[in-house]
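A quick write-up on the structure given underneath.
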Number of protein chains: 2
Amino acid sequence: MNIEQRDQKIAQIFKALAEPNRLKIIRVLYQAQREMTCGEVGKELNISKSTVSYHFKALRLIGLTNTRKIAQEKYLSINVETFQTYLPGFLETL
Amino acid sequence: MNIEQRDQKIAQIFKALAEPNRLKIIRVLYQAQREMTCGEVGKELNISKSTVSYHFKALRLIGLTNTRKIAQEKYLSINVETFQTYLPGFLETL
DNA sequence: GCATTAGTTCGGTACGCAGCAAACTAAAAT
DNA sequence: ATTTTAGTTTGCTGCGTACCGAACTAATGC
């Protein structure tokens, strides 16, 4: 991966975190200390389920969250290891 | 500052870093280990001076960089202290 | 005082994205 | 097999912003 591509990647990560509702999703999940469904999160933040799904996707793309499907519900959870491993690495890189 | 405002603030910081050219500016400055003018940076990144000025502003607003005016040139530099102090704080907050 | 040289601001364009409702998909339960 | 219930995808709208060149501002130096 060259520098150009790496900048793009890092920017993508920051971008994913540069949205108040996505930060709220992360905090809600972290504080709940359990998996939650899109619906639950949506009610908590007063936004539609489609928007929540949209944000979930962004967080999943950067590897910050996991999904686990049970019955027809997809439970979202924070991938703590990724969370703690990646970000300090970015700082170091910069 | 309530949670709502804090999320907004944190999002603003991430937003400022969520742009490849701004990351490049930071790296160029860091590697040069000296102050540089808008013009110099612009040539380095092949973007116009107005765009560089625009990005400088964004970085200054989150306190990541300093400007120091000498003659008619404004030299930009990384505020290293801020850089090392703020970001780990954000991670901790999350 | 005038020309030069830097940065900033302004008008405008193009693209991206957050948000919604509605349509669609997939699985479970009955 | 049909109904229900969750998530995803698909238009669509509105707003934000990266980018440029041109106009403007401010200070230097002759």
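Each chain gets a letter, A, B and so on, in the order the sequences are listed, and its residues count up from 1.
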Quiz item: Whole-Å distance between D:dG7 C1' and A:K57 NZ?
Solution: 12 Å
Quiz item: Hey, is the side chain of A:S48 pairing donor to acceptor with the base of C:dG19 inside 3.5 Å?
Solution: no
Quiz item: So does B:N21 get a side-chain nitrogen or oxygen closer than 4.0 Å to the phosphate oxygens (OP1/OP2) of D:dA18?
Solution: no
Quiz item: Do B:T51 and B:S48 meet the criterion of a side-chain donor-acceptor pair at a distance under 3.5 Å?
Solution: yes
Practice problem: Could you check how far CZ of A:R22 sits from C1' of C:dC17, rounded to whole Å? | Solution: 9 Å
Quiz prompt | Rounded distance in Å - CD1 (B:I47) to P (C:dT8) | solution = 13 Å
Self-check item: A:L59 CG - D:dT8 P separation (whole Å)
Solution: 12 Å
Exercise. Rounded to the nearest angstrom, tell me the gap between atom OH in B:Y54 and atom C1' in C:dT9.
Key: 13 Å
Exercise. Starting from P on C:dC17, measure out to CZ on A:F14 and report it in whole angstrom.
Key: 17 Å
Quiz item: Reckon A:S53 has a side-chain N or O less than 4.0 Å from the OP1 or OP2 of D:dT8?
Solution: yes
Quiz item: Can you hop from A:I25 to B:I13 via hydrophobic side chains spaced under 4.5 Å?
Solution: yes
Practice problem: Answer with yes or no whether the hydrophobic clustering places B:L45 together with B:L59; edges join I, L, V, M, F, W, Y residues whose side-chain heavy atoms lie under 4.5 Å apart. | Solution: yes
Self-check item: Side-chain donor or acceptor of B:Q31 paired with backbone N/O of B:V28 under 3.5 Å
Solution: no
Practice problem: Please state whether the phosphate of C:dG19, meaning OP1 or OP2, lies under 4.0 angstrom from any side-chain nitrogen or oxygen of A:T51. | Solution: no
Quiz item: How long is the line joining CG of A:L23 and C1' of C:dA18, in whole Å?
Solution: 14 Å
Quiz item: Within the pair B:R60 and C:dT8, is there a side-chain N or O less than 4.0 Å away from OP1 or OP2?
Solution: yes
Quiz item: Between B:H55 (NE2) and C:dG7 (P), how many Å, whole number?
Solution: 15 Å
Quiz item: Does A:K15 put a side-chain nitrogen or oxygen below 4.0 Å from OP1 or OP2 of C:dC17?
Solution: yes
Exercise. For A:R22 and A:A16, work out which heavy atoms get closest and say how close.
Key: NE-O, 2.6 Å
Quiz item: Does B:K49 put a side-chain nitrogen or oxygen below 4.0 Å from OP1 or OP2 of C:dT5?
Solution: no
